[in-house]
There are 2 protein chains.
Amino acid sequence: MNKPVTIKDIARKFRCSPSTVSRALNNHPSINEDTRRNLQEYAQKVGYQRNQVSLNLLNTKTASIGVIVPTINNYYESAIIEGIDGVLNPLGYTLNICVTNEQYLLESEYVTKLLSNRVEGIFLSVSQETYDSGHYEHLENVGKRNLPLIFIDRDYEGFSAGSVTIDDYHGAFAAVEHLISTGRKRIAHLKGPNGMAVTEQRFRGYTECLTKYGLPVEEKRIINTNFKVESALEPTAQLLELGQRPDAIFGVNDQVAIGAMKVIREKGWRVPEDIAVVGFDNSPISPYISPSLTSVARPGRRIGEEAARIFLNYLDTTTKKDTPVHIVLPSELIVRESSRGI
Amino acid sequence: MNKPVTIKDIARKFRCSPSTVSRALNNHPSINEDTRRNLQEYAQKVGYQRNQVSLNLLNTKTASIGVIVPTINNYYESAIIEGIDGVLNPLGYTLNICVTNEQYLLESEYVTKLLSNRVEGIFLSVSQETYDSGHYEHLENVGKRNLPLIFIDRDYEGFSAGSVTIDDYHGAFAAVEHLISTGRKRIAHLKGPNGMAVTEQRFRGYTECLTKYGLPVEEKRIINTNFKVESALEPTAQLLELGQRPDAIFGVNDQVAIGAMKVIREKGWRVPEDIAVVGFDNSPISPYISPSLTSVARPGRRIGEEAARIFLNYLDTTTKKDTPVHIVLPSELIVRESSRGI
DNA sequence: CAAAAAATTTCAAACGTTTGCAAACCACAT
DNA sequence: ATGTGGTTTGCAAACGTTTGAAATTTTTTG
């Protein structure tokens, strides 16, 4: 690992000042044509790369922004990141992606690290632990710096900042309404972990829809999962053993719905004839599994894009930023085979 | 967006020198106990965050490393990243993730950017365009700097550097051998894009296995896809219309295999009775779709971890680094319903 | 009380680059 | 020779931090 060539090295070699080298490499007009060519050729030859770190220090800006997410191992999350990247990368920004694994401690450390690295904005999808604990001290310094902070996907009520989320409530409502409209009456819900906004919003959509149509909200038809496919297996088995077997299952996401479908079939029931299944996320394979999965689509990429635009607005000092912008994107029910009418 | 508080600001406030503040905040022993406490309290109060950028410049090191991948929107790729992160993050490194979208130009720009940002190593999963073009000029400066460079997942023969790949050849071989052992004779292959190492290795495993068992390699049973589920639909339909209909399909990845299964069933055939299907990747849902998908598991996380270890070895100057380390991890066939014996 | 020792603080340089301003150089006309 | 104007180059400061060595203050000791 060699030391990188610096402007000073080149200056020494050519017995000129660093300023001259700097200007030559930047095509400054007041540099002699020959000097410029020689210096540029030499720089090229020795593989000179301008030290961006020093520039960042000089300009007290870094053109980098932090993105903190619970996981990237997931279609939806990575679509969000692609959305942010798609808008900000062409503008010269570098993304600093941090994966918290749903841990408060990591989230907190990452915030500090990003602040310390002088990112110009932070996009944060709050971790589950952070939700549970209700902490937001780790965001205090972000507030003190008044650094652009945008919550993505998961809003965090305790803290005033911009946010882009999707309308989980209406998405869930639509899903359940659809199940009711196809004649289902005993609709179970495989819920996410308690306390998380996504979880609770969808849950609320579920319960309020049932209530609206005069159906009872039965506690025994509501079981928690952790979003993963494995976590749906045992709960689904339980549901199937209820005296009043559900005739539909609404999963908090596609993973859970897929897990439920597997168990249903293993126990000898049919989807959708005996039990309809609806998921959430519209993950890329949902149209291709069998039966294809009815699901609520979340525009992941657009969340990222909108969040990036909010960020860019923050920078625009002409706009007042006193009132944080909240954008709620609509979700869309996509009906497929797994919930066909009976 | 306020200017961050600096050590100088604090020094001015307390009418002392920046050195004192620096030492106080770093708990240097030669600082008076009271001074230290006062300064620390004040720093805390105003939300001082040490400027890592200036430190990076001072120390000419950044503790950050670049990761360039074609996409993160994919279980396997993101597992690799998690593997790298898992090893390097606890050691204080920051990952700088760059997504090329399979474009040479972006890959090239990212290399420059990372070099310019003085990352201490680069993990590169070469983009498809780079493969196609055979370019590697964008890596020249990495070579000149003698910066640790590790190819992940996709090796790049034109350039001498460490690499961690998986044994695609034997994985594919095992998959096809398994199909043959269950009595299949007309095994088709949904191939990836031509020219990519993964594609060609798996293809070689496919052809050589057929040959070994005395089966003909029929061109009309081999069709290209682009890894995505949609790109398998039309090709599968074609396969089904062959006079000699295939009795098995080996997909270059799970996505493609899932697409194939869908078309097979839509056309009225059964999986695995009429046509067996095998994928590659062992993606998390493969056990849960119906029929569950036989697939070759690639240890994505381990690739990342091993790559990180190679990187750490580079740093260890005691080891000679003249001969780049190449690690090939085994892949493992996982048999499920989609290829049950007839 | 002076001198020595210890404790605490400051100075200055360094990391690599850019940039306003001053200085040097050149050619040419007076 | 002197002045003018233009071209080219160099100086020095700045960004924020750390750190060895020097300087200052305080404490201890004889």
Side-chain angles (χ1 to χ4, degrees), chain A residues 1-40 43 46-64 112-113 115-120 141 145, chain B residues 1-40 42-43 46-64 112-113 115-120 145:
Chain A
M1 211 155 90
N2 316 327
K3 281 222 173 325
V5 179
T6 72
I7 260 186
K8 285 185 186 172
D9 296 332
I10 301 180
R12 211 172 303 122
K13 179 87 178 179
F14 278 72
R15 299 171 192 292
C16 68
S17 75
S19 344
T20 305
V21 181
S22 170
R23 286 196 254 255
L25 298 182
N26 289 315
N27 290 316
H28 191 284
S30 78
I31 290 292
N32 181 280
E33 187 54 41
D34 289 344
T35 319
R36 183 219 316 262
R37 195 163 7 84
N38 286 335
L39 286 173
Q40 288 194 348
V46 296
Y48 170 79
Q49 303 264 166
R50 139 215 271 125
N51 185 333
Q52 187 63 45
V53 178
S54 75
L55 263 185
N56 290 345
L57 178 61
L58 185 61
N59 301 330
T60 51
K61 51 156 111 175
T62 57
S64 74
T112 307
K113 197 178 216 172
L115 243 26
S116 184
N117 279 315
R118 298 295 187 259
V119 295
E120 300 178 16
N141 281 335
R145 283 276 321 271
Chain B
M1 210 158 89
N2 315 330
K3 281 223 171 323
V5 179
T6 73
I7 260 185
K8 286 184 186 173
D9 296 333
I10 302 180
R12 212 171 302 124
K13 180 89 180 177
F14 278 72
R15 299 172 194 289
C16 68
S17 75
S19 343
T20 303
V21 181
S22 170
R23 290 198 168 97
L25 298 182
N26 289 314
N27 289 315
H28 191 285
S30 76
I31 291 292
N32 182 282
E33 186 55 40
D34 289 345
T35 320
R36 183 217 319 263
R37 194 163 8 83
N38 286 335
L39 286 172
Q40 289 193 348
Y42 181 75
V46 295
Y48 169 80
Q49 302 265 165
R50 133 212 277 128
N51 185 334
Q52 188 62 45
V53 178
S54 76
L55 262 187
N56 290 344
L57 179 60
L58 185 61
N59 300 329
T60 53
K61 50 158 112 175
T62 58
S64 75
T112 307
K113 196 178 217 171
L115 243 27
S116 184
N117 277 318
R118 299 293 188 261
V119 296
E120 299 179 16
R145 282 275 323 269

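Convention: sequence-line order gives letters A, B, ...; per-chain numbering from 1. Nothing here was measured: the structure is a model prediction, and the numbers come from that model.
Atom CZ of Arg37(B) is separated from atom P of dT8(C) by 13 Å (rounded to the nearest Å). Atom pair Gln52(A):CD and dC15(D):C1' shows a separation of 14 Å (rounding to whole Å applied). The CG-P distance, from Asn32(A) to dT7(D), rounds to 12 Å in whole Å. Summarising the geometry, the separation between CG on Asn59(B) and P on dG16(D) is reported as 17 Å, rounded to the nearest angstrom. Counting to the nearest Å, the C1' atom of dT9(D) and the CG atom of Asn38(A) are 15 Å from each other. When rounded to the nearest whole Å, the span between CZ of Arg36(B) and P of dT8(C) equals 9 Å. Atoms CG (Asn56(B)) and P (dC15(D)) sit 18 Å apart, rounded to a whole Å. Atom-to-atom, CG of Leu57(B) to C1' of dA13(C) comes out at 13 Å; the value is rounded to the nearest Å.
Across Ser17(A) and Ala11(A), no two heavy atoms sit closer than the pair C-CB, 3.8 Å. Contact record, Gly47(B) with Asn141(A): CA-OD1, 3.3 Å, taken as the closest heavy-atom pair. Nearest heavy atoms, Leu39(A) versus Ile10(A): CD2-CG2, 3.8 Å. Scanning both residues, Arg36(A) and Ala24(A), for their nearest heavy atoms gives CG-O, 3.6 Å. Here the closest heavy-atom approach between residue Val5(B) and residue Tyr48(B) is recorded as O-CD1, 3.2 Å. In this structure, Asn51(A) and Leu57(B) approach most closely via the heavy-atom pair ND2-CD1, 4.2 Å.
To the nearest 0.5 Å, atom CD of residue Gln49(A) and atom OG1 of residue Thr6(A) are 13.5 Å apart. Here the straight-line distance linking atom CG of Asn117(A) with atom OG of Ser64(B) works out to 8.0 Å at 0.5 Å rounding. Distance check, rounded to the nearest 0.5 Å: CD of Gln52(B) to CG of Leu115(A) gives 12.0 Å. Atoms CZ and CG, on Arg145(A) and Asn2(B) in that order, are 7.5 Å from each other to the nearest 0.5 Å. For the atom pair Gln40(A) CD and Asn27(A) CG, the distance stands at 5.0 Å (nearest 0.5 Å). Once rounded to the nearest 0.5 Å, the distance linking CD1 of Ile31(A) with OG of Ser19(A) reads 8.5 Å.
The stretch residues 9-22 of chain B participates, sequence neighbours left out, in these salt bridge (Lys or Arg N to Asp or Glu O under 4.0 Å) pairs: Asp9(B)-Arg12(B).
Where Asn51(A) and Cys16(B) meet DNA chain C, the nucleotide closest to each residue was compared, and Cys16(B) sits on the side nearer the 5' end.
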Check against side-chain contact (heavy atoms from CB on, under 4.5 Å), Arg118(B) and Thr60(B): CA-CA 8 Å; Arg118(B) 299 293 188 261; Thr60(B) 53; over 6 Å; no
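A rotation axis mapping the C1' atoms of four pairs onto the next four is fitted at both ends of the helix from dC1(C)-dG30(D) to dT30(C)-dA1(D) over five pairs, and the angle between these axes is 80° to 10 degrees.
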Please enumerate all protein N or O atoms sitting under 3.5 Å from an N or O of nucleotides 4-6 of chain C, with distances to 0.1 Å.
none

Tabulate atom names and distances for all N/O pairs under 3.5 angstrom spanning the protein and nucleotides 22-25 of chain D.
none

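The side chain of Lys8(A) has dC15(C) as its nearest neighbour among dT18(C), dT17(D), dC15(C). Taking every side-chain heavy atom of Arg50(B) into account, dT18(D) is the closest of dT18(C), dG16(D), dT18(D). The side chain of Thr60(A) lies closest to dG16(D) when the candidates are dG10(D), dG16(D), dT8(C).
The stretch residues 17-26 of chain B touches DNA chain D through Ser19(B), Ser22(B), Arg23(B), Asn26(B), each having a heavy atom under 4.0 angstrom from the strand.
Dashed line: the shortest gap from a side-chain N or O of Lys3(A) to OP1 or OP2 of dC15(C) is not under 4.0 Å. The phosphate of dC15(D) (OP1 or OP2) has no side-chain N or O of Arg118(A) nearer than 4.0 angstrom.
Under the rule for a side chain to side chain contact (heavy atoms under 4.5 Å, CB included), the partners of Lys61(A) that lie at least two apart in sequence or sit in another chain are Asn59(A), Glu120(A).
Leu58(A) comes within 4.0 angstrom of a base, heavy atoms only. When heavy atoms are screened at a 4.0 angstrom cut-off, Tyr48(A) is found touching the sugar-phosphate backbone but no base atom. At the heavy-atom level, Thr6(B) lies under 4.0 Å from the strands shown only through sugar-phosphate atoms.
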